[in-house]
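Data first, discussion second: the structure below is written as structure tokens.
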Amino acid sequence: MECTVRWMGSDAGMSFVAETGSGHSVVMDGAPEAGGRNLGLRPMEMVLAGTGGCSAFDVVLILKKGRHQVTGCDVSLAAERAETDPKVFTRIHFHYRVKGRNLKPDAVARAIELSKDKYCSASIMIGKTADITADFEIIEEA
């Protein structure tokens, strides 16, 4: 895996462009009080978003492999950070909304557990500093 992060220059404040080995780009920026212009995600927001994406990906894949009729999945993350540097994540709560037909709560819970404990590299890494909790709701699709 490769990534290049490039500062956009003094005219752009604290904006950076990350270009990944897979050919995608994203803009990151800092808060105005830190010299940023609020033009993109904060770097730690990117970490949080990546963690949510990693886990949601796992949950959907696990349910699909189990032949469950999953049709949608989103996850909201609420994070707390340390007050002093380095301001690592200290607590993250994941709330999953899984949509589908005849989804069994045990299957959804197991998919979330497998993601958290075995498959999601991001949440396993962050779990070294943060207490990670999760809950979910199932939305039955007609």
Side-chain angles (χ1 to χ4, degrees), residues 1-9 12-142:
M1 185 178 297
E2 297 176 357
C3 181
T4 301
V5 178
R6 184 180 71 255
W7 182 38
M8 295 173 64
M14 293 302 289
S15 295
F16 293 80
V17 173
E19 297 177 21
T20 67
S22 62
H24 300 281
S25 299
V26 65
V27 174
M28 295 178 283
D29 199 1
E33 59 271 16
R37 293 189 172 175
N38 204 27
L39 298 175
L41 296 171
R42 310 290 187 268
M44 288 300 285
E45 289 176 328
M46 291 272 303
V47 172
L48 188 63
T51 302
C54 182
S55 184
F57 183 98
D58 289 341
V59 169
V60 170
L61 189 61
I62 291 163
L63 290 171
K64 287 179 103 175
K65 282 185 174 181
R67 302 196 194 299
H68 299 281
Q69 294 182 22
V70 60
T71 59
C73 178
D74 62 72
V75 60
S76 300
L77 294 87
E80 295 176 19
R81 293 177 65 189
E83 292 186 20
T84 58
D85 290 325
K87 295 178 182 168
V88 298
F89 289 118
T90 57
R91 181 168 297 160
I92 302 175
H93 181 74
F94 291 66
H95 178 73
Y96 299 83
R97 283 171 298 286
V98 184
K99 187 176 182 181
R101 291 180 204 85
N102 303 313
L103 293 173
K104 306 278 187 271
D106 288 350
V108 173
R110 179 75 176 137
I112 291 167
E113 180 182 326
L114 283 168
S115 175
K116 178 181 176 278
D117 296 338
K118 185 173 182 180
Y119 295 113
C120 180
S121 305
S123 66
I124 291 168
M125 237 181 343
I126 289 174
K128 304 290 184 191
T129 64
D131 177 36
I132 296 178
T133 58
D135 63 13
F136 66 92
E137 60 186 285
I138 295 173
I139 301 165
E140 182 67 28
E141 186 170 73

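Values below: all heavy atoms of this structure, side chains included; hydrogens, waters and symmetry mates excluded.
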Please determine whether side-chain hydrogen bond (donor to acceptor under 3.5 Å, both in side chains) holds for the pair Ser76 and Tyr96, giving the CA-CA distance in whole Å, both sets of side-chain angles, and the decisive distance to 0.1 Å.
CA-CA 7 Å; Ser76 300; Tyr96 299 83; over 6 Å; no
Basic-acidic side-chain contact under 4.0 Å: Arg101, Glu140:
no
To the nearest 0.5 Å, atom CD of Glu45 lies from atom CG of Leu77 at 12.0 Å
Closest heavy-atom pair, Phe94 versus Gly52, reported as atoms and distance to 0.1 Å, is CE2-CA, 4.4 Å
task = Answer with yes or no whether the side chains of Arg91 and Thr133 bring together a donor and an acceptor at under 3.5 Å.
result = no
Task: Heavy-atom side-chain contact between His93 and Asp131 under 4.5 Å - done: no
Let's go through Arg37 and Met14 carefully: what are the C-alpha distance in whole Å and the side-chain angles of both, what is the deciding distance for side chain to side chain contact (heavy atoms under 4.5 Å, CB included) to 0.1 Å, and is it a yes or a no? CA-CA 7 Å; Arg37 293 189 172 175; Met14 293 302 289; over 6 Å; no
- prompt: Quick one: does Ser15's side chain have a donor or acceptor within less than 3.5 Å of a partner on Ala12's backbone?
  reply: yes
CD (Glu2) and OG1 (Thr4) are apart, to the nearest 0.5 Å, by 7.5 Å
Rounded to the nearest 0.5 angstrom, the CG-CE distance for Leu39 and Met28 is 13.0 Å
(message) side chain to side chain contact (heavy atoms under 4.5 Å, CB included), that's the test. Do Ile126 and Val47 meet it? Break it down for me.
(response) CA-CA 9 Å; Ile126 289 174; Val47 172; 3.6 Å; yes
d(Lys104 NZ, Leu63 CG) to nearest 0.5 Å is 12.0 Å
Review point. Can you tell if the side chain of Leu41 reaches within under 4.5 Å of the side chain of Asp29, non-hydrogen atoms only?
Key: no
Looking only at heavy atoms, the pair that brings Pro105 and Phe136 closest together is O-CZ, 3.5 Å
Scanning both residues in full, the closest heavy-atom pair of Cys3 with Ala18 reads SG-CB, 4.1 Å
Checklist entry - Tell me, do His95 and Val75 make a side-chain contact under 4.5 Å, heavy atoms counted? => result no
Closest heavy-atom pair, Ser25 versus Glu19, reported as atoms and distance to 0.1 Å, is OG-CG, 3.4 Å
Q | Verdict with supporting geometry, Cys120 and Met125, side chain to side chain contact (heavy atoms under 4.5 Å, CB included) | A | CA-CA 9 Å; Cys120 180; Met125 237 181 343; over 6 Å; no
Here the gap from Arg81 atom CZ to Thr90 atom OG1, rounded to the nearest 0.5 Å, amounts to 9.5 Å
Notebook entry, point to check: Please walk me through it: do Lys64 and Val70 pass side chain to side chain contact (heavy atoms under 4.5 Å, CB included)?
Noted result: CA-CA 7 Å; Lys64 287 179 103 175; Val70 60; 3.6 Å; yes
- Message: So for atom CD, which belongs to Glu83, do other residues, nucleotides or ligands contribute more than 12 heavy atoms lying within a distance under 6.0 Å?
- Response: no
### Message
Using only atom types and a distance under 3.5 Å, with no angle test, would you say the side chain of Ser115 pairs donor to acceptor with the backbone of Tyr119?
### Response
no
Using 4.0 Å as the upper bound for N to carboxylate O, is an ion pair formed by Glu113 and Arg110?
yes
With a 4.5 Å limit on heavy-atom distance, are the side chains of Met44 and Phe89 in contact?
yes
Output for pair (Asp58 CG, Ser121 OG), nearest 0.5 Å, gives 8.0 Å
query = Can you tell if the side chain of Cys73 reaches within under 4.5 Å of the side chain of Phe57, non-hydrogen atoms only?
reply = no
Would you say that Arg97 contacts Ile139 through its side chain, given a criterion of any heavy-atom pair below 4.5 Å between the two side chains? yes
Original post:
Do the non-hydrogen side-chain atoms of Lys116 and Ile132 ever get within less than 4.5 Å of each other?
Top reply: yes
Considering only heavy atoms from C-beta outward, does the side chain of Val98 approach that of Glu137 to under 4.5 Å?
no
Donor-acceptor contact below 3.5 Å, side chain Trp7 vs main chain Gly13: yes
